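Heads up: the structure comes next, in structure tokens.
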Amino acid sequence: MADKQEVRDRLKNIVDNMPEQPGSYQYWDEDGVIIYVGKAKNLKRRVASYFHREVDRFKTKVLVSKIRNITYTVVKTEEDALLLENSLIKKYKPRYNVLLKDGKTYPSICVTNEPLPRIFKTRTINRKWGTYFGPYSNVASMVAMLEVIKKLFKPRPCNMPILPDKIKEGKYKPCLKYHIHICDAPCIGKQSLEDYQQKITMAREILKGNTRDLLRQLTEEMMKRAAELRFEEAENIKQLVALLDNYCAKSEVVSHTINNIDVFSITNDDHRGTAFVNYMHVTNGSINQAFTIEYKRKLEESDAELLALAIPEIRERFKSSAREVIVPIPLEWKPEGVELFIPQRGDKKHLLELSEMNGRQYKVDRMKQTEKLNPEQRQTRLMKELQMALKLPKLPFQIECFDNSNISGSDAVAACVVFKGMRPSKKDYRKYNIKTVVGPDDYASMQEVVRRRYSRMQEEGTPLPDLIITDGGKGQMEVVRQVVEDELHLDIAIAGLAKDDRHRTNELLFGFPPVVIGMKTDSELFHILAQIQDEVHRYAIQFHRDKRSKHALKSELDEIKGIGPKTRDALLKKFHSVKRIRSASLEELTDVVGAAKAKIIFEAFHNS
């Protein structure tokens, strides 16, 4: 039972830290065999669904009971996830997958090697026939692409062999396709061989994904036809533009131009002194191996030295015989009979980027898993990141943030929240009633609160914060600096969080004069800082609402001479509101507070 619970906890930890990205996932049994391969638009959500208690399919329950490990490979699109799943199922033939037959493979587009090349869809790959593009998981997109090519370039639809010598001898006759304007009849010389081959070259560029120039040309032609009032022709071109614009040329996961190569990339984790080497193997144009291994640096080895160590070790582990190895950086190590290649563009560059993306994702997942077991490690990491970003002399363990709240100057209050170790320390939160400022003056209110807080902390010898964050831009930072540095002569770092036109936090300011600190707004650290800002805003508004509510509820009773807090509280406890107290009879009031006070309250309300 303990072993089952340990397995369940380990799998739950893996699922909790999976990315919400497209990809393929693999389930392994206790013998280290892949028993299921799946695809997902959202890996975390899809895999988590297998472990819900309400799963009622017997086969799914049996599958889940046999899972001992989960691995996955992230890709950029859902279509790529589909293709990767297809490739892995064919390689591993998992027990719980429906086996894919060759007839069910995804279709490709072939451009033949003939003098007058043909362009057609096929599920059979024979490189002797021509060049292949795809395969395409989205068949509708592929058909649309073929329609675009057919309308733009009119490749011949017949499958008979046509030779230039026979054309000159007049051996061919035009077919129906010529008469209905589907083909320009290069077989009888109506279209020159050079013009036909030039159009096929343009079609190849579209199939490679180089559609930008063609889109620009078509758009210009469409606008020209519209200016000449040839609207029907302009509409036809517009439809072609729409088809091209919505077309996704081909997947980076599978490419028939690539066969039997290894792909390696390296991702560093400077905080832990480790590196992650990702390995992918491509056979017959498909990725069928993906693996990431962690290396601990012992003597500050360079990336090149680690790759030189990892490549032969991983190739031996997976029995790879690939003669071409894609790497991200130059290596002095030269294996015998193997060519190292650093791609700059094209399909191989896409594969290297995919490997790097998986390496980065593995690093994030490992970090999350470690930090769940040791939360203090995450807090320390975030504090170090903030220290490095702001170039602070020490870790910002204690962070304080201020905010004001008032309505046209009435019921003016302020609040201070305290975060210690990147976590809220609610026992240290403080509320302030503004005493010296008249009217809605946020700057003066901020100065009063900061002055009161830190002068008192000086007197009491309370530890001062390592960082002050103001809920505002440069103006708020300057008024806080005037009090902290100029008046109180304290050395406390001051930062500011500024918002955009949509009232969303988008900038971190620091320094004197303040400058914008380069930090991604979707980073974990920026989210923590925005959380601090939201927390002080919530705390200040809540305090202001409470004060305003008490003021509105009790002011009329407090103004009655002879009625103290105890009498007021007794009345509110009984009647719940001033309105009900006002409408109560003299007898009802007498039952609560006695005849003398009841008479005073009754006359005060009814005389007024």
Side-chain angles (χ1 to χ4, degrees), residues 386-387 389-420 425 428-500 503 505-519 526 529-530 532-541 543-544 547:
L386 185 57
Q387 180 186 15
L390 303 183
K391 296 181 174 58
L392 301 176
K394 61 178 180 177
L395 284 179
F397 176 77
Q398 182 171 327
I399 301 174
E400 298 188 356
C401 188
F402 295 87
D403 191 22
N404 303 321
S405 184
N406 66 81
I407 297 179
S408 300
S410 65
D411 295 321
V413 298
C416 170
V417 300
V418 179
F419 274 59
K420 292 182 177 180
S425 177
D428 296 309
Y429 284 16
R430 294 294 181 268
K431 304 172 183 177
Y432 296 91
N433 289 304
I434 303 301
K435 299 178 179 179
T436 62
V437 179
V438 179
D441 189 338
D442 282 344
Y443 286 173
S445 299
M446 180 66 72
Q447 286 189 318
E448 177 191 327
V449 172
V450 171
R451 185 182 296 113
R452 287 166 57 186
R453 176 163 181 79
Y454 295 123
S455 59
R456 179 169 182 172
M457 291 178 77
Q458 275 184 306
E459 294 172 1
E460 296 176 351
T462 307
L464 295 169
D466 303 303
L467 177 66
I468 298 172
I469 296 179
T470 64
D471 179 26
K474 298 179 180 179
Q476 292 277 19
M477 290 177 65
E478 175 58 22
V479 297
V480 171
R481 190 196 67 78
Q482 290 174 1
V483 174
V484 172
E485 295 183 5
D486 297 346
E487 291 185 27
L488 303 178
H489 306 293
L490 298 175
D491 184 17
I492 305 175
I494 302 170
L497 288 169
K499 297 185 177 181
D500 58 16
H503 206 64
T505 305
N506 69 333
E507 286 183 344
L508 174 65
L509 305 173
F510 186 72
F512 179 66
V515 295
V516 177
I517 302 300
M519 185 181 296
F526 197 89
L529 297 177
I532 295 174
Q533 185 183 37
D534 293 340
E535 176 68 359
V536 73
H537 191 58
R538 178 201 65 79
Y539 194 57
I541 288 178
F543 179 36
H544 180 252
K547 182 178 179 181

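As the structure is a prediction and not an experimental result, all values here were calculated from the model.
Closest of all the heavy-atom pairs between Y432 and R452 is CD2-NH2, 3.7 Å. H537 and D403 get closest at one heavy-atom pair: ND1-OD2, 3.0 Å. Across every non-hydrogen atom of G511 and M477, the tightest pair is O-CE, 4.1 Å. Here the closest heavy-atom approach between residue S455 and residue L488 is recorded as N-CD1, 4.0 Å. The shortest heavy-atom contact between E485 and I492 is OE2-O, 4.5 Å. Closest heavy-atom contact between A495 and L508: CB-CD1, 4.2 Å.
In this structure, K474 does not pair ionically with E478, as no charged nitrogen and carboxylate oxygen lie closer than 4.0 Å.
The closest donor-acceptor contact from the side chain of D466 to the backbone of F397 lies under 3.5 Å. Counting only distance, with no hydrogens or angles, the side chain of Q387 and the backbone of L392 share a donor-acceptor pair below 3.5 Å.
N433 places a side-chain heavy atom less than 4.5 Å from the side chain of F543. When side chains are defined from C-beta on, L490 counts as touching Q458, because their heavy atoms get closer than 4.5 Å. No side-chain heavy atom of V449 sits less than 4.5 Å from a side-chain heavy atom of C416. Side chains of I469 and F419 form no contact here, defined as non-hydrogen atoms less than 4.5 Å apart. Contact annotation: the side chain of L509 never approaches that of I517 to less than 4.5 Å [non-hydrogen atoms, C-beta and beyond]. Here the side chains of E535 and Y429 are in contact, with some heavy-atom distance below 4.5 Å. Looking at heavy atoms from C-beta onward, Q398 lies out of side-chain contact with D428 at the 4.5 angstrom threshold. I434 places a side-chain heavy atom less than 4.5 Å from the side chain of E448.
Distance check, rounded to the nearest 0.5 Å: CD of Q533 to OG1 of T470 gives 8.5 Å. Expressed to the nearest 0.5 Å, how far CZ of R453 lies from CZ of R430 amounts to 6.0 Å.
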Between L497 and I532, does a side-chain contact (heavy atoms from CB on, under 4.5 Å) hold up when you go through it step by step?
CA-CA 10 Å; L497 288 169; I532 295 174; 5.7 Å; no
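For the pair R481 and F512, the distance from NZ or CZ to the six-membered ring centre is under 6.0 Å and the angle to the ring normal is within 45 degrees.
Other residues, nucleotides and ligands contribute only 12 or fewer heavy atoms inside 6.0 Å of the CG atom of D491. By the 6.0 Å contact criterion, CZ on R538 is enclosed, its count of non-hydrogen atoms from other residues, nucleotides or ligands being greater than 12.
Residues E400 and Y454 have side chains that bring a donor and an acceptor to within less than 3.5 angstrom of each other.
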